[in-house]
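Reading through the structure tokens given below for one structure.
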Amino acid sequence: MIITIDGPAASGKSTVAKRLAQELKVPYLETGLIYRAVGYLLSAKGVQNPDDERALRLLSELEIEPSPEGTKVLWKGKKLGSELYTEEVGRLASRVATLPRFREKVNETFRELLKGKSAVVEGRDAGTYIFPDAPLKFFITASPQERAKRRYRQLVNQGKDADYEEILKAIMERDERDRNRPKYPFRPAPDAVVIDTTHKEAEEVLEEVLERLNEASS
Ligand code: C5P
């Protein structure tokens, strides 16, 4: 069975998706990694305004390997890792995500990859456009201020420079761009279970997800 977990940046969706995949021992597909990988390769080439052609060419050079431990993305055989999680790469990823032909190809690639398999699929449009027929869908969200606080803490814990106001601004801009792209805008699926994590710990959210899963399977 495919379980989709969508939500905005820093909502806590990745933590829940990862834990759920481990619990169920099924592959975990982090769809944002593909957008990030292409964003990273573009930024390495100094491209700020990508087009479909260029993004599709880079996509064809990537390999995606989902497993219960996480999603691996390789470029020409080389594993891409922490370099994908910078704000600059996130910004370019959300630019790339506005390209319709590229999105369609990415989604097709994901469907092909998980054909006939069970998996936890995490992203922005897993329940709306990639797997609209998934039997169980979640939409994990939190206030922009709470999400900025979490990202801020994460960066400080990694010993990196962080400015709360700047992070909040970047999060709100990214939400805005994701929500307002003309094709495939970012929305919760109408049949998704919405969980607001603003005042919740990751553990509580996971319990809620597992409860829903039990209800759906019984
Ligand atoms: O989830 P993450 O923050 O890593 O995604 C980076 C960017 O990639 C998002 O801001 C969004 O613009 C884009 N994205 C998307 N659809 C997905 C996953 C990510 O548009 N399924």
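Both counts, for ligands and for their atoms, begin at 1 and track the order of listing.
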Who passes ring pair (Phe, Tyr, Trp, His ring centres under 6.0 Å) against Phe110, sequence neighbours left out?
->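 Testing Phe110 for ring pair (Phe, Tyr, Trp, His ring centres under 6.0 Å), a comparison that skips the adjacent residues, returns none.
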Could you list the residues that satisfy ring pair (Phe, Tyr, Trp, His ring centres under 6.0 Å) with Tyr35, not counting sequence neighbours?
-> Phe102
Electrostatic pair Arg151:Glu87 at N-O distance under 4.0 angstrom |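 Looking at Arg151 and Glu87, the cut-off is met.
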Would you mind checking if Glu166 and Lys169 are paired as a salt bridge, meaning a charged N to carboxylate O distance below 4.0 Å?
->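 A salt bridge is absent here (no side-chain N lies under 4.0 Å from a carboxylate O).
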Non-hydrogen atoms closer than 4.0 Å to ligand 1: which protein residues do they belong to? List them by chain and number, please.
->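 Residues within 4.0 Å of ligand 1: Lys13, Thr31, Gly32, Tyr35, Arg36, Ala93, Ser94, Ala97, Arg103, Gly123, Arg124, Asp125, Arg174, Asp178, Arg181.
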Among Ile, Leu, Val, Met, Phe, Trp and Tyr joined by side-chain contacts under 4.5 Å, find the other residues sharing a cluster with Tyr164 and list them by chain and number.
-> Tyr152, Leu155, Val156, Ile167, Leu168, Ile171, Met172
Does any non-hydrogen side-chain atom of Glu69 lie less than 4.5 Å from one of Tyr28?
-> no
